Number of protein chains: 2
Amino acid sequence: MVQCLDPPLDLAFAALADATRRGIIDRLGRGHASITSLADTFQMTLTGMKKHIQVLERAGLVVTQKVGRVRTCGLGKRGLEAEAEWIETHRKLFEARFEALDDIISEIEQERSNDSAS
Amino acid sequence: MVQCLDPPLDLAFAALADATRRGIIDRLGRGHASITSLADTFQMTLTGMKKHIQVLERAGLVVTQKVGRVRTCGLGKRGLEAEAEWIETHRKLFEARFEALDDIISEIEQERSNDSAS
DNA sequence: TAAACACTGAACCATATGGTTCAGTGTTTG
DNA sequence: CAAACACTGAACCATATGGTTCAGTGTTTA
């Protein structure tokens with residue numbers, strides 16, 4: 001519950017901050033795939049795809065196993081629990097503060113005019 | 001619903017991939033704050049904090065207004081809806097694939113032994 | 001066993017990040 | 001009006017990202 005520092009969150013959010021990697025997760029959700037087939041799907045070199053997979057692996061979102069010459073990728077055990085929790089928790093803050101948006105200025109200018117009136 | 005490309009998601013997830021910025025959101029959820037006070041809270045130079053705020057602003061997670069010499073920051077209208085939706089959608093994929101983790105190898109080795117048997 | 005295949009690693013490149021310092025600009029405030 | 005204040009912008013730095021090519025290594029397969 002208490003989340004001091006949280007490098008896992010850093011890694012996971014960073015991994016999700018790329019459309020290709022989100023696409024990979026999407027793809028792996030429909031079954032595992034080799035690096036070659038992923039590279040083909042996303043029109044990228046093998047090496048480029050391997051880097052993306054490494055990022056996802058470091059974040060715990062993807063696991064891979066090499067059998068023979070093929071490395072097969074699948075979704076990781078870690079899931080997106082922690083990320084979902086952080087977002088849900090903070091989504092409420094946004095909703096609560098929703099109307100504060102336009103009020104920031106008027107509040108402050110209120111204070112200013114009070115000050116100048118004193 | 002259909003999310004082709006989604007640069008907003010890129011920006012938001014990238015913004016969340018930093019503990020300091022998550023801390024800023026946390027802080028702004030309890031009321032708006034000036035850049036100076038945020039810089040003080042997070043023990044950082046003004047310029048450094050301003051950059052973080054810019055990242056959050058580009059992602060639409062924070063809004064700022066300058067009144068006089070003070071720029072006040074608050075949570076943005078955008079919220080975390082799209083991010084929550086993406087994560088919730090894909091969280092299910094992880095759960096569904098949960099047991100596939102250890103099965104990847106055995107499945108493939110099964111195929112291999114079938115092949116060698118034929 | 002030679003060729004094709006799947007991956008791996010090193011090196012390179014352009015750009016972004018996360019931070020700093022320093023030198024402004026514009027706003028209060030004494 | 002001068003000093004202090006809050007921010008802004010430019011420049012710099014080290015490291016990371018997202019991609020490439022090229023040259024391996026190890027595995028199948030014909």
Side-chain angles (χ1 to χ4, degrees), chain A residues 5 7 10-24 32-59 61-73 104-105 108-109 111-118, chain B residues 5 7 10-24 32-59 61-73 104-105 108-109 111-118:
Chain A
L5 283 175
D10 282 39
L11 291 175
F13 280 133
L16 295 178
D18 181 280
T20 299
R21 285 193 295 261
R22 289 195 302 276
I24 292 170
H32 29 261
S34 71
I35 295 191
T36 294
S37 70
L38 289 171
D40 192 60
T41 302
F42 292 92
Q43 304 205 102
M44 191 176 299
T45 57
L46 253 187
T47 314
M49 178 53 64
K50 206 194 146 242
K51 283 195 182 180
H52 280 303
I53 294 299
Q54 279 172 345
V55 171
L56 288 164
E57 243 185 319
R58 255 184 291 146
L61 299 174
V62 159
V63 280
T64 72
Q65 291 291 344
K66 191 165 186 180
V67 176
R69 63 186 173 181
V70 180
R71 179 173 294 278
T72 302
C73 313
I104 292 178
I105 267 213
I108 297 169
E109 285 181 339
E111 288 166 25
R112 285 158 68 81
S113 56
N114 288 348
D115 290 353
S116 63
S118 67
Chain B
L5 284 176
D10 282 40
L11 291 175
F13 280 132
L16 295 178
D18 181 279
T20 299
R21 286 193 294 263
R22 289 195 304 275
I24 292 170
H32 28 261
S34 70
I35 296 192
T36 294
S37 71
L38 289 172
D40 192 60
T41 302
F42 292 91
Q43 302 206 102
M44 191 175 300
T45 57
L46 253 186
T47 313
M49 179 52 65
K50 207 195 145 237
K51 283 195 185 181
H52 280 304
I53 294 299
Q54 279 171 344
V55 171
L56 289 163
E57 243 185 318
R58 258 186 289 148
L61 299 175
V62 159
V63 282
T64 72
Q65 291 292 344
K66 192 166 185 178
V67 177
R69 63 185 173 181
V70 179
R71 180 173 294 278
T72 302
C73 313
I104 291 179
I105 267 213
I108 296 170
E109 286 182 338
E111 288 166 26
R112 284 159 66 81
S113 56
N114 289 348
D115 289 355
S116 63
S118 65

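Given the structure is predicted, the values throughout are model-derived calculations rather than measurements. Residue numbers start from 1 in every chain, and the chains themselves are labelled A, B, ... in the order their sequence lines are given, proteins ahead of strands.
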* Can you give the dot-bracket line for DNA chain D, using ( ) for pairs inside the strand, [ ] for pairs that cross earlier ones, | for pairs with another strand and . for unpaired bases, where Watson-Crick and G-U count if both distances are under 3.5 Å? -> ||||||||||||||||||||||||||||||

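One atom, CD of A/Q65, and another, P of C/dT8, lie 12 Å apart when rounded to the nearest Å. Atom CG in B/D18 sits about 13 Å away from atom C1' in D/dA16, given to the nearest Å. B/I24 has its CD1 atom 11 Å from the P atom of C/dG18, to the nearest Å. In this structure, B/R22 places its CZ atom 16 Å from P of C/dT17, rounding to the nearest Å.
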Let me have the donor-acceptor pairs involving side chains of residues 37-51 of chain B, under 3.5 Å, with sequence neighbours excluded, atom names and distances please.
| from | atom 1 | to | atom 2 | distance (Å) |
| --- | --- | --- | --- | --- |
| B/S37 | OG | B/S34 | N | 3.3 |
| B/S37 | OG | B/S34 | O | 2.9 |
| B/S37 | OG | B/S34 | OG | 3.3 |
| B/T41 | OG1 | B/S37 | O | 2.8 |
| B/T45 | OG1 | B/G48 | N | 3.1 |

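Among residues two or more places apart in sequence or in another chain, the side-chain hydrogen bond (donor to acceptor under 3.5 Å, both in side chains) test is passed with A/Q54 by none. Remark: A/A59 engages A/L11, A/A15, A/L61 in a side-chain contact (heavy atoms from CB on, under 4.5 Å) (not counting sequence neighbours).
Contacts with DNA chain C (heavy atom under 4.0 Å) in residues 39-58 of chain B: B/M44, B/T45, B/T47, B/G48, B/K51, B/H52, listed by number.
In this structure, B/K66 reaches the D/dT8 phosphate: one of its side-chain N or O atoms is under 4.0 Å from OP1 or OP2. A sub-4.0 Å separation between OP1 or OP2 of C/dG18 and a side-chain N or O of B/R21 is present. The side chain of B/R71 contributes an N or O atom lying less than 4.0 Å from OP1 or OP2 of D/dT8.
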Sub-3.5 Å pairs of nitrogen or oxygen atoms, protein against nucleotides 3-5 of chain C:
| from | atom 1 | to | atom 2 | distance (Å) |
| --- | --- | --- | --- | --- |
| C/dC5 | O4' | A/R69 | NH1 | 3.3 |
| C/dC5 | O2 | A/R69 | NH1 | 3.0 |

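Heavy-atom nearest nucleotides on DNA chain D were determined for A/A17 and for B/S37, and the one closer to the 5' end corresponds to B/S37.
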* Would B/T72 and B/V67 count as a side chain to side chain contact (heavy atoms under 4.5 Å, CB included) if you check the C-alpha gap in whole Å, the side-chain angles of each, and the deciding distance to 0.1 Å? -> CA-CA 8 Å; B/T72 302; B/V67 177; 5.9 Å; no

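When every heavy atom of B/D10 is checked against every heavy atom of A/D18, the shortest pair comes out as OD2-CA, 4.1 Å. The two residues B/V62 and B/E57 come nearest to each other via the heavy atoms O-CG, 3.2 Å. Taking every heavy atom of both residues into account, A/R22 and A/L16 meet most closely at NH1-O, 2.7 Å.
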